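Naming: A, B, ... by sequence-line order, numbering from 1 per chain. Small disclaimer: the values here were computed from a predicted structure and weren't measured.
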2 protein chains.
Amino acid sequence: MARRSEHSLEELKAMVLDAAETIVIEEGFSSLKARRVAVEIGYTVGSIYMVYKNMADLITHINAKTLDAVAAQLEQVQDGDPAQYIEAIAQAYLVYASRNFNRWIMIFEYGFSRNTDIPDWYQEKRDVVFDRLEESVAQLAPECAESDRKQAAKALWNSIHGICILSLSGKTDTIDLNESAETMNLLIRSFIHGWLAQSAKATD
Amino acid sequence: MARRSEHSLEELKAMVLDAAETIVIEEGFSSLKARRVAVEIGYTVGSIYMVYKNMADLITHINAKTLDAVAAQLEQVQDGDPAQYIEAIAQAYLVYASRNFNRWIMIFEYGFSRNTDIPDWYQEKRDVVFDRLEESVAQLAPECAESDRKQAAKALWNSIHGICILSLSGKTDTIDLNESAETMNLLIRSFIHGWLAQSAKATD
DNA sequence: ACCTGAACACCGTTCAAGT
DNA sequence: ACCTGAACACCGTTCAAGT
């Protein structure tokens with residue numbers, strides 16, 4: 001045994017990531033185990049630690065791919081009227097989260113209470129989506145000061161996320177995606193309407 | 001050994017719950033282990049399974065106490081003008097979550113992807129807070145149909161929760177509670193303003 | 001240099017055996 | 001009847017040893 005060199009380290013790294021991703025997608029985060037990944041790629045446990053520092057490192061890379069997938073999904077949304085664009089972004093996020101629940105929820109299942117080593121390159125991926133939203137908020141209220149605009153975008157994004165996470169994490173058979181989508185639209189329309197009215201009043 | 005009877009089973013159950021709660025509060029969910037709880041109360045591991053079915057059962061009971069604590073906190077908010085009351089509820093929730101982060105976040109760290117056996121009595125505790133909010137939304141728009149009101153309350157509560165969870169789960173040293181509180185107020189004021197304006201238009 | 005596989009220190013859970 | 005403690009089946013991680 002040993003010394004097989006059937007695959008380069010880079011290939012091995014990709015194989016580990018792919019196998020791990022598949023396990024998460026099909027069975028959820030709680031089924032992701034080092035030995036299981038090893039079996040799936042035809043190697044032994046130790047090999048995983050040749051290409052990833054530890055399971056936390058592997059998990060971070062899985063989540064990074066998910067963030068990229070989310071960003072890619074949201075970039076397909078047609079630009080246009082900013083209010084409609086924001087609605088479409090939120091709907092696309094909701095649809096992605098519901099169709100890829102196991103991958104998506106893992107981002108939050110893992111990262112919530114750990115403060116340990118969230119790498120910068122990972123944090124930047126999280127910001128990509130937010131930046132797009134902020135641009136649209138800027139188009140919505142061009143007169144608005146940057147700090148106010150940032151705060152509005154934050155309130156909006158966090159709210160969108162809250163609706164996704166609470167709508168989708170109930171009992172699986174109770175989830176009504178149409179209802180969640182309507183709740184999402186109500187939130188966005190009401191918020192934008194109210195925010196524009198209030199910021200207009202403030203600049204009088 | 002064995003056969004000590006220093007404590008009744010009920011006492012033991014309370015001791016296990018208290019010890020477990022303390023560990024979670026002081027060190028977080030990831031430090032909660034069966035053997036650790038046993039050491040803390042001066043028993044051996046096996047004893048825990050005399051009073052709780054398994055760790056999941058114990059965790060559910062810890063989370064139930066947290067939900068009660070949240071509800072108790074929110075009940076201290078002074079009733080009055082519905083819009084102000086909703087703002088105050090949200091602020092109280094944010095403050096509780098930030099001051100009791102380890103307990104609070106555990107509710108979501110544990111329960112997100114598991115569909116297994118969420119008992120009814122637990123689900124009811126989750127609804128208590130929401131019902132209070134819905135009442136205030138009803139006072140805000142007495143003419144409004146119940147289904148619309150329910151949806152508005154849902155959009156609002158999920159948004160409030162989204163702001164809490166994303167504001168508080170970043171890097172611990174980066175969290176600015178004042179900023180989060182302002183974001184929360186912006187969300188609530190804008191939403192209520194916009195929602196009332198739109199539902200007024202709809203009933204014309 | 002690459003990979004193994006056995007070892008280590010942990011987990012949750014069970015249950016025959018003691019008092 | 002109450003409680004133990006040893007056992008079991010798992011974890012993640014490491015590393016001397018093989019090729």
Completion exercise
Separation of C/dC2 atom P from A/K13 atom NZ, nearest Å, is 14 Å
Handout entry: Most 5' of A/G42 and B/R35 on DNA chain C, judged by nearest nucleotide
Key = A/G42
Exercise for the section: Output the residues of residues 50-61 of chain A in contact with DNA chain D, where contact means a heavy atom of the residue under 4.0 Å from an atom of the strand; sort by number or write none. Expected result: A/N54, A/M55
Problem - Derivation and outcome, salt bridge (charged side-chain N to carboxylate O under 4.0 Å, His left out), residues A/K65 and A/D18 - result: CA-CA 10 Å; A/K65 277 189 82 173; A/D18 279 358; 3.6 Å; yes
Exercise for the section: Quickly work out the A/L32 CG to D/dC11 P distance and round it to whole Å. Expected result: 11 Å
Handout entry: Watson-Crick and G-U pairing of DNA chain D written in dot-bracket, each distance under 3.5 angstrom, with | for inter-strand partners
Key = ||.|||||...|||||.||
Handout entry: Over all atoms of both residues, closest heavy-atom pair of A/L168 and A/W104
Key = CD1-CZ3, 4.1 Å
Practice task
Inspect the contact between A/E27 and A/R36 and indicate whether a charged nitrogen and a carboxylate oxygen are less than 4.0 angstrom apart.
Solution key: yes
Exercise for the section: Ignoring backbone atoms, test whether A/S47 places a side-chain nitrogen or oxygen under 4.0 Å from the OP1 or OP2 oxygen of C/dT4. Expected result: yes
Handout entry: Separation of D/dC3 P from B/L12 CG (nearest whole Å)
Key = 6 Å
Exercise for the section: For B/I41 and D/dC2, give me the distance from atom CD1 to atom P, rounded to whole Å. Expected result: 15 Å
Exercise for the section: Find the distance A/E10:CD to C/dA1:P and express it as a whole number of Å. Expected result: 17 Å
Practice task
Please find out if less than 6.0 Å separates the ring center of A/F108 from that of A/H161.
Solution key: yes
Exercise for the section: Among the candidates C/dC2, D/dT4, D/dG12, find the nucleotide nearest to the side-chain atoms of B/T44. Expected result: D/dT4
Completion exercise
Rounded to whole Å, the CD-P distance (B/E6 to C/dT19) equals 16 Å
Practice task
Using side chain to side chain donor-acceptor pair (under 3.5 Å) as the criterion, point out the one residue from B/E135, B/Q139, B/R132 that pairs with B/Y85.
Solution key: B/R132
Handout entry: Side-chain N or O of B/Y43 closer than 4.0 Å to phosphate OP1/OP2 of D/dT4
Key = no
Handout entry: A/Y49 side-chain N/O to D/dT14 phosphate OP1/OP2 under 4.0 Å
Key = no
Practice task
Flag yes if more than 12 heavy atoms outside A/Q78 fall under 6.0 Å of its CD atom; otherwise flag no.
Solution key: no
Practice task
Indicate the atoms forming the closest heavy-atom contact of A/S31 with A/I23, along with that distance.
Solution key: O-CG2, 3.5 Å
Practice task
Using whole Å, report how far NZ of B/K33 lies from C1' of D/dG12.
Solution key: 11 Å
Exercise for the section: For side-chain hydrogen bond (donor to acceptor under 3.5 Å, both in side chains), just list the numbers for A/E26 and A/N102, CA-CA rounded to whole Å, side-chain angles, deciding distance to a tenth of an Å, and then say yes or no. Expected result: CA-CA 8 Å; A/E26 290 175 355; A/N102 284 345; over 6 Å; no
Exercise for the section: Using whole Å, report how far NE2 of A/H7 lies from P of C/dT4. Expected result: 11 Å
Problem - Electrostatic pair A/E134-A/K154, nearest N-O below 4.0 angstrom - result: no
